[in-house]
Amino acid sequence: MDLGGAKLFKHMLDRNQQEVVVNRVRDVVAQVPLFHPVTASGRRMSVRMTSCGRLGWVSDRQGYRYETHHPNGTSWPKIPDEIQDVWKQVSDCDVVPDSCLLNFYGEGAKMGMHQDRDEGDFSFPVVSISLGDDALFRIGGTARGGKTQSAWLGSGDVLVLKGAARLAYHGIDRLRFRSSDLLKDHGRINLTLRVVR
DNA sequence: CAGTACCA
DNA sequence: TCTA
């Protein structure tokens with residue numbers, strides 16, 4: 001499925017694969033707890049996040065950037081093999097991802113329209129894995145204010161932002177909370193793999 | 001502006 | 001859905 005240049009692979013992970021990845025995510029979160037990032041303007045984001053890999057994405061009053069450590073000083077755990085396998089399957093490049101951002105969407109959480117532009121080389125794709133509740137994804141062009149397309153992302157779906165879509169504005173408008181029983185307390189996990197350099 | 005309140 |  002093509003979404004303004006973004007490629008959506010529906011049902012790429014089966015239920016068993018999803019459960020394995022969720023268990024790996026639990027291992028990561030046990031080491032580097034989820035936190036509510038704060039934007040540069042001082043607002044708390046509704047999603048909670050943490051990271052694994054060489055670098056993790058961090059936001060606070062200082063701005064957006066990649067860091068080698070969790071805000072609590074712990075270094076990020078390695079990216080689990082089962083997650084890196086998804087990158088290998090869809091990224092179409094031999095480079096290993098530097099970062100896996102782990103976003104958790106609870107009831108009512110959303111993500112405003114934004115570009116992923118904190119990386120040093122936009123020729124590498126961004127690979128996104130959805131787990132748990134369905135989420136309404138929206139993507140536009142490389143400038144704000146243009147036409148957008150929407151699609152529901154379900155558990156096990158994989159989205160690839162590359163080429164013209166690599167710098168496209170995108171976001172999550174809302175969840176269908178409790179639409180999936182993958183996670184005990186519902187909600188959505190989104191994993192995004194990136195080469196940061 | 002990885003935000004949200006507010007209005008047409 | 002758009003504006004600020």
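The model shown is predicted, which means the values in this text are computed figures rather than measured ones. Below, read A as the first sequence line, B as the second, and so on, with proteins coming before strands; counting in each chain starts at 1.
- Other residues sharing the hydrophobic cluster of Val38(A), ordered by chain and number and joined by side-chain separations under 4.5 Å: none, the residue standing alone.
- Heavy atoms only, all atoms of each residue included: Gly106(A) and Leu175(A) are closest at O-CD1, 3.6 Å.
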Review point. Should Asp181(A) and Arg15(A) be marked as a salt bridge (Lys or Arg N to Asp or Glu O under 4.0 Å) after you check the CA-CA gap, both sets of side-chain angles, and the distance that decides it?
Key: CA-CA 11 Å; Asp181(A) 64 357; Arg15(A) 174 70 184 215; 2.8 Å; yes
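- The two residues Gly132(A) and Leu182(A) come nearest to each other via the heavy atoms N-CD2, 3.6 Å.
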Check your understanding: What one-letter contact string describes nucleotides 1-8 of chain B from 5' to 3', where B marks a base within less than 4.0 Å of any protein heavy atom, S marks contact via sugar-phosphate atoms alone, and - marks no contact?
Key -> BBSS----
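- Using P as the reference atom, dA5(B) and dC1(B) are 14 Å apart when rounded to the nearest Å.
- The pair Asp27(A)-Lys78(A) does not count as a salt bridge, with every side-chain nitrogen at least 4.0 angstrom from each carboxylate oxygen.
- When each of Val25(A), Leu101(A), Val86(A) is paired with Leu191(A), the side chain to side chain contact (heavy atoms under 4.5 Å, CB included) condition holds for Val25(A) and for no other.
- A salt bridge does not link Arg176(A) to Asp133(A): none of the charged side-chain nitrogens sits closer than 4.0 Å to a carboxylate oxygen.
- Although no hydrogens or angles enter the test, the distance criterion places no donor-acceptor pair under 3.5 Å between the side chain of Ser99(A) and the main chain of Arg194(A).
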Review point. Tell me, what's DNA chain C's dot-bracket, Watson-Crick or G-U with both distances under 3.5 Å, | for other-strand, [ ] crossing?
Key: ..||
